Number of protein chains: 2
Amino acid sequence: MGKASQPRQLDPAAICRSSDPLAVRELLTKIGDKWTIFVVLSLDLLGGRARFSELERAVPGISQRMLSSTLKNLERDGMVIREMFAEVPPRVEYEMTDLGRSLLRPTQGLVDWAKENWQQVREAQSSYDER
Amino acid sequence: MGKASQPRQLDPAAICRSSDPLAVRELLTKIGDKWTIFVVLSLDLLGGRARFSELERAVPGISQRMLSSTLKNLERDGMVIREMFAEVPPRVEYEMTDLGRSLLRPTQGLVDWAKENWQQVREAQSSYDER
DNA sequence: TCAGTTGCTTACGTTGAGGTAAGTTATGGG
DNA sequence: CCCATAACTTACCTCAACGTAAGCAACTGA
């Protein structure tokens, strides 16, 4: 065998044009917005099924507008199912799908990473800022 | 023992106020922007160390402005080290830190999830859109 | 008649992310 | 003298994300 690696011989842009990283970027853009991760984690904490108003209480600071649009996006992506009941006042329940639950695993990986390393990030920021 | 679970008895907003999920949201906001994930993956592919212009070529579509600011953020967060050489024309190299490399593990979890499930997301979107 | 309830939507304004294009610095080579 | 080069920075503009506040539907109970 020759050298350990010569990645510069390959098309360097290959990774950014292949479909998987494109999907990851889309995924990260989706769950990287301001509220999605909190809504997903809260819904999981509430047993995987909750009413609109329960989520509203579970995610402090979120507005009805943002909760509504966040849930709509999650529903469109197949992460959540919306079920409405013909009652007055209306009752609507949101339930995580298998697909949504499956995303909790890699998400937990990020939660764990943050738990272990966020302090280090903070310190890096401080020492960068004070020069 | 009583019921299997009664999560609604707990403070439902607890998770969103605890520090770990707050860190995850910050983390997701950082790597959820338009270019960071591509820059990180490309830098890794290039052996963990690369010049500005190499990254520019590796990430098709990125502008100098965005590459510069993305790298600056990564440097500030301690993910990357910037090394400049007193030459003309200038040469600058960026190298991943251990912290940056450690983030690749949970990131790979997301890449794998996208690889397995993105098609399903697409289908969910289509069937949602056509009603 | 009227207030209260839930789960929204609509209107409007602000802010920041990101795109485009041009300028900058310092030097070697023709 | 002037251009090329690498790695930026700066100026300017646009658009989408997000916040705030109000409106709405449909029925119940006082």
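Chain naming here is simple, since letters A, B, ... match the order of the sequence lines and numbering starts at 1 in each. Not measured: the values here are computed from a predicted model.
A straight line from CE of B:Met84 to C1' of D:dA7 spans 12 Å, rounded to a whole angstrom. Summarising the geometry, the separation between CD on B:Glu87 and P on C:dT25 is reported as 20 Å, rounded to the nearest angstrom. Atom CZ in A:Phe52 sits roughly 15 Å away from atom C1' in D:dA25 (whole-Å rounding). As rounded to whole Å, 18 Å separates atom C1' of D:dA25 from atom CZ of A:Arg91. Rounded to an integer number of Å, the gap from B:Arg57 CZ to D:dT5 P is 13 Å. When rounded to the nearest whole Å, the span between CG of A:Asn73 and P of D:dC18 equals 10 Å. A straight line from OH of A:Tyr94 to C1' of C:dG7 spans 7 Å, rounded to a whole angstrom. Look at CD1 on A:Ile62: it is 10 Å from P on D:dC18, rounded to the nearest Å.
Using cut-offs of 30° and 60° on the angle between ring planes, the pair A:Trp113 and A:Trp118 is perpendicular.
One hydrophobic cluster holds both A:Leu71 and A:Met84 under the rule that ILVMFWY side chains link at heavy-atom gaps under 4.5 Å.
Of the candidates D:dC18, C:dA26, D:dA7, C:dA26 carries the atom nearest the B:Val88 side chain, counting heavy atoms from C-beta on. Here the side chain of A:Lys72 is nearest to one of C:dT9, C:dG7, D:dA7, namely C:dT9. The side chain of B:Pro89 approaches D:dT5 more closely than any other nucleotide in the set C:dG7, D:dT5, C:dG18. Listed nucleotides: D:dA7, D:dG19, C:dT6. Nearest to the side chain of A:Met66: D:dG19. Nearest nucleotide to the B:Trp35 side chain, out of D:dA7, C:dG18, D:dC18: C:dG18. Distances were taken from every side-chain heavy atom of A:Ser68 (C-beta onward) to each of C:dT9, D:dC18, D:dA6; the shortest belongs to C:dT9. The side chain of A:Arg65 sits closest to C:dT10 out of C:dA21, D:dA7, C:dT10.
Using a distance-only test at 3.5 Å, with no hydrogens or angles considered, no donor-acceptor pair links the side chain of B:Thr36 to the main chain of B:Gly32.
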### Query
For B:Asp129 and B:Gln125, what are the C-alpha separation, side-chain angles and deciding distance, and is it a side chain to side chain donor-acceptor pair (under 3.5 Å)?
CA-CA 6 Å; B:Asp129 290 343; B:Gln125 292 172 349; over 6 Å; no

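Here B:Phe85 lies out of heavy-atom contact (under 4.0 Å) with every strand.
Nearest-nucleotide positions on DNA chain D place B:Ser53 closer to the 5' end than the other of A:Pro90 and B:Ser53. When each of B:Lys34 and A:Ser69 is assigned the nucleotide of DNA chain C with its nearest heavy atom, A:Ser69 is the one assigned upstream, toward the 5' end.
Contact between B:Leu46 and B:Leu55 at its shortest, heavy atoms only, is CD1-CD2, 4.0 Å.
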